[in-house]
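Shown next, in structure tokens, is the structure this report addresses.
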2 protein chains.
Amino acid sequence: MQQLDHTFAALADPTRRAILARLALGEATVGELAEPFDVSLPAISKHLKVLETADLIVREKRAQQRVCRLKPETLKTASDWIEQSRRLWKERFDRLDAYLRELQSKENNDGNG
Amino acid sequence: MQQLDHTFAALADPTRRAILARLALGEATVGELAEPFDVSLPAISKHLKVLETADLIVREKRAQQRVCRLKPETLKTASDWIEQSRRLWKERFDRLDAYLRELQSKENNDGNG
DNA sequence: AAGTTAAATAACTAAAGGGTTAAATGCAAG
DNA sequence: CTTGCATTTAACCCTTTAGTTATTTAACTT
């Protein structure tokens, strides 16, 4: 899924994750988002474009400002992908575990002691 | 967290996600992992190094092969980061919702009808 | 209309990422 | 001890990315 490429790539940058963490607390303008960072405003603008392309945020005009908001659905898609892998792994692990226990109990009944 | 940089960057590539999905079903050698893909073996080897650096897999020597295994704990760290953002957003949204409902009911009691 | 503020775009640079082929390593087996 | 197999490393190419400064766009303010 190409959507996931964009989502995870966007999440791979610490500045962008910090922006998302800030937006999780509520909407903010570009200027407000840029304030804590020691980079130029165009740099932040680029990060926001990456986040927007990844569908992680939306930007809305309000007077001469742009207000940014989180899009949690896309975060969910990413999280779901990860959880799916973890689930498969867990299932496989549980099966292996059950199999090993079965072997063990058979050995105990085969007069191995 | 720099760990998350590596984790999400590793997850941003479709080939690497496919490798992880394969490994979620059980361990595999480099050759087995490479087989479904239309790229050279060194390319796969690089992808595996990225996954290993990100702590998403471990590689273990077995005769002249390298067996790869998923490390689900790291997947969990990534998933947790995402879920934390979603949780904050949801809480904030619920608060906002409650506030709007309260406003609404006050209006109704102020002889607005 | 002119000025001011908020943000985006342009043009550029340096570093990183993903791919390639060719050569090197590590181990097993004849 | 040499041949073969599985994998990694080296050296390279090309594209993308993250940052910069300078310029432009858009909308409010006077």
Side-chain angles (χ1 to χ4, degrees), chain A residues 1-23 26-71 78, chain B residues 1-23 26-71 78:
Chain A
M1 209 195 252
Q2 198 180 327
Q3 157 85 314
L4 283 176
D5 290 21
H6 293 139
T7 307
F8 285 126
L11 291 174
D13 184 279
T15 301
R16 287 194 291 260
R17 283 201 308 278
I19 289 172
L20 290 178
R22 165 64 187 81
L23 288 178
E27 58 181 37
T29 67
V30 175
E32 286 166 353
L33 291 173
E35 199 273 326
F37 299 104
D38 198 23
V39 294
S40 65
L41 224 93
I44 297 294
S45 191
K46 279 191 185 181
H47 281 307
L48 292 175
K49 178 170 257 172
V50 171
L51 291 170
E52 193 176 36
T53 300
D55 230 40
L56 282 163
I57 68 168
V58 287
R59 273 186 285 190
E60 179 195 308
K61 246 180 245 190
R62 184 175 304 171
Q64 66 271 69
Q65 298 175 326
R66 253 74 159 193
V67 177
C68 304
R69 245 191 314 282
L70 197 65
K71 267 186 88 171
Chain B
M1 205 195 254
Q2 197 179 327
Q3 157 86 315
L4 283 176
D5 290 22
H6 293 138
T7 308
F8 284 126
L11 291 175
D13 184 279
T15 301
R16 288 194 292 261
R17 283 201 307 279
I19 289 174
L20 291 178
R22 166 65 187 80
L23 288 177
E27 60 180 36
T29 67
V30 175
E32 286 165 353
L33 291 174
E35 199 272 326
F37 299 104
D38 198 22
V39 294
S40 66
L41 226 93
I44 297 296
S45 191
K46 278 190 186 181
H47 281 307
L48 292 175
K49 176 171 260 171
V50 171
L51 290 171
E52 193 176 35
T53 300
D55 230 40
L56 282 164
I57 67 168
V58 288
R59 273 185 286 190
E60 179 196 309
K61 247 177 244 192
R62 184 176 304 170
Q64 66 273 65
Q65 297 175 326
R66 253 75 159 194
V67 176
C68 304
R69 246 193 311 284
L70 197 64
K71 268 186 86 173

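Per chain, numbering begins at 1; letters A, B, ... match sequence-line order. Computed from a predicted structure; not experimentally measured.
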task = Take R66(B) and E27(B) through the test salt bridge (charged side-chain N to carboxylate O under 4.0 Å, His left out) and record every step on the way to the result.
result = CA-CA 10 Å; R66(B) 253 75 159 194; E27(B) 60 180 36; over 6 Å; no

inquiry  = What I'd like to find out is whether the side chain of R69(A) reaches to under 4.5 Å of the side chain of K71(A), using heavy atoms alone.
reply    = no

Salt bridge (Lys or Arg N to Asp or Glu O under 4.0 Å) partners of residues 42-53 of chain B, not counting sequence neighbours, each pair once = E52(B)-R59(B)

Contact list (N/O, under 3.5 angstrom) for nucleotides 16-23 of chain C vs protein:
| residue | atom | partner | partner atom | Å |
| --- | --- | --- | --- | --- |
| dG18(C) | OP1 | R16(B) | NH2 | 3.1 |
| dG18(C) | OP2 | R16(B) | NH1 | 3.1 |
| dG19(C) | OP2 | H47(B) | NE2 | 2.4 |
| dG19(C) | N7 | K46(B) | NZ | 3.1 |
| dG19(C) | O6 | K46(B) | NZ | 2.4 |
| dT20(C) | OP1 | S40(B) | N | 3.4 |
| dT20(C) | OP2 | S40(B) | N | 3.1 |
| dT20(C) | OP2 | S40(B) | OG | 2.5 |

key: Heavy-atom side-chain contact between C68(A) and V58(A) under 4.5 Å   = no

note = Residues passing the side chain to side chain donor-acceptor pair (under 3.5 Å) test with Q65(A), sequence neighbours excluded, are none

Which donor-acceptor pairs under 3.5 Å do the side chains of residues 6-16 of chain B make with protein atoms, sequence neighbours left out?
| residue | atom | partner | partner atom | Å |
| --- | --- | --- | --- | --- |
| T7(B) | OG1 | Q3(B) | O | 2.9 |
| D13(B) | OD1 | T15(B) | N | 2.8 |
| D13(B) | OD1 | R16(B) | N | 3.2 |
| R16(B) | NE | A10(B) | O | 2.8 |
| R16(B) | NH1 | H47(B) | ND1 | 3.1 |
| R16(B) | NH2 | A9(B) | O | 3.1 |

key: Sorted by number, the residues of residues 58-71 of chain A with heavy-atom contact under 4.0 Å to DNA chain C   = R59(A), Q64(A), Q65(A), R66(A)

message = Reading DNA chain D from 5' to 3', where do the contacts with chain A start and stop? Cut-off is 4.0 Å to heavy atoms.
response = dA18(D) to dC28(D)

remark   = Sorted by chain and residue number, the side chain to side chain donor-acceptor pair (under 3.5 Å) partners of Q2(B) (sequence neighbours excluded) come out as none

Side chain to side chain donor-acceptor pair (under 3.5 Å) involving R17(A) - partner list, sequence neighbours excluded = D5(B)

Residues 29-40 of chain B, side-chain donor-acceptor partners within the protein, below 3.5 Å, at least two apart:
| residue | atom | partner | partner atom | Å |
| --- | --- | --- | --- | --- |
| T29(B) | OG1 | E32(B) | N | 3.2 |
| E32(B) | OE1 | T29(B) | N | 2.9 |
| S40(B) | OG | A43(B) | N | 3.4 |

